[in-house]
Amino acid sequence: MDFERILIDGLRAAVGPEAVIYALAAIGLNMHFGYTGLLNFGQAGFMLVGAYGVSITVVTFGGSMWLGILVGLLAAAFLALLLGIPTLRLRADYLAIVTIAAAEILRFVFRSSAANPVTRGVFGQQQFADAFYAINPIPEGAYGFWLISFGSHRRLWVIVVGWGLVLLCCLLVWALVRSPWGRVLKSIREDEDAARSLGKNVFSYKMQSLVLGGAIGSLGGMVLVIFQQQNHPDIWLPLVTFYAYTILILGGPARVFGPVAGSVIFWFLLSSFDTFLRQARATGVVPPELLGTEALGAIRLATVGLALMLLMAFRPQGIFGHRREMQLDV
């Protein structure tokens, strides 16, 4: 087997757009789960409304992509308010149930025939990010560093802008969690009743955290559809939230750069393992009848699930986290 190719594919995925997208999604979840103790199981829903804010604004209404980004952020904030108002005064598990249900409801609504005039339903929307690529200052050509090939200048432009956005979000989270506002969030996570007894409006702080984390997650959805130049409802499966939680727990909840490290490590391991399986099948190390093409995706997903189970059992604080950060008052 070509172990160099396995390494190259892993490194390429670790710094590629996929790592950027899920780092943003996990940073938003970190604000919810890591710092506030909110169980949001519908991050894919926030990513969906952010992505459709861009694509609908451009394709359906003929607006600019930059206006679409603003619309996506506002849509994520509105979704957070819609979900938070009836649930944040209740136990944390109510928020978990509502968010996962809302994400799936949104996906089915956006793919329905009734929504076809606005979203194009199951056909999706394409070619709405030309304005982003029009300002690309990188000359045409192939680019790479060491063993890593970035492909076209368009892909490299997405990577540069995406990681810059990740850095800005990390700096924002770093500043916020070290402020008095951030310390109140941590106190709510550790003992909500104690924070309330000190006169803090727990509901208001939870709502602010839900809005902020949802808006950051929506940026991940925008980067994904801008990179692919297409938006489709079935992109936003519950698997997206599942991956984001795995990344967050892998890197370490309540750590500013935990989601970033988790995304890099996750995509390196996942892509390397995928290439390893394909080469094992192609070279006959594993008989094709035991590892069919259709089984590769299932094995990959099962591996992620097993890794998440092992993390929660043996190191719930992640690689860079501390166990005390997982003492949630739910």
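None of these values were measured; they are calculated from a predicted model. Side-chain atoms are counted along with the backbone in the values below, which use heavy atoms only and exclude waters and symmetry mates. We count residues from 1, following the sequence as given.
Annotation: the span from Ile319 atom CD1 to Ile265 atom CD1 amounts to 3.5 Å, rounded to 0.5 Å. Rounding to the nearest 0.5 Å places CG of Leu210 at 10.5 Å from NZ of Lys206.
Sorted by first and then second residue, the salt bridge (Lys or Arg N to Asp or Glu O under 4.0 Å) pairs involving residues 211-236 (not counting sequence neighbours) are Arg107-Asp234, Arg111-Asp234.
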Sequence neighbours left out, cut at 3.5 Å: what donor-acceptor pairs do the side chains of residues 96-103 make with other protein atoms?
residue: Thr99; atom: OG1; partner: Phe41; partner atom: N; Å: 3.0
residue: Thr99; atom: OG1; partner: Leu95; partner atom: O; Å: 2.8
residue: Thr99; atom: OG1; partner: Ala96; partner atom: O; Å: 3.1

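A donor-acceptor contact shorter than 3.5 Å is absent between the side chain of Glu140 and the backbone of His153. Between the side chain of Tyr133 and the main chain of Ile226, a donor-acceptor pair closer than 3.5 Å is present. The closest donor-acceptor contact from the side chain of Gln125 to the backbone of Val118 lies under 3.5 Å.
Side chains of Leu29 and Tyr245 form a contact here, defined as non-hydrogen atoms less than 4.5 Å apart. At a threshold of 4.5 Å between non-hydrogen side-chain atoms, the residues Val158 and Phe132 count as touching.
Results of the side-chain contact (heavy atoms from CB on, under 4.5 Å) test with Val71 over Thr57, Val54, Val49, Ile56 single out Thr57 as the only residue that passes.
Taking Arg120 as the reference, nothing meets the salt bridge (Lys or Arg N to Asp or Glu O under 4.0 Å) condition, with sequence neighbours excluded. In this structure Asp130 satisfies the salt bridge (Lys or Arg N to Asp or Glu O under 4.0 Å) test with no other residue, sequence neighbours excluded. Considering only residues two or more places apart in sequence or on other chains, Arg196 meets the salt bridge (Lys or Arg N to Asp or Glu O under 4.0 Å) condition with Glu192, Asp193.
Using cut-offs of 30° and 60° on the angle between ring planes, the pair Tyr22 and Tyr243 is tilted.
With side-chain heavy atoms closer than 4.5 Å counting as contact, directly or through intermediates, Phe108 stands alone and belongs to no larger hydrophobic cluster.
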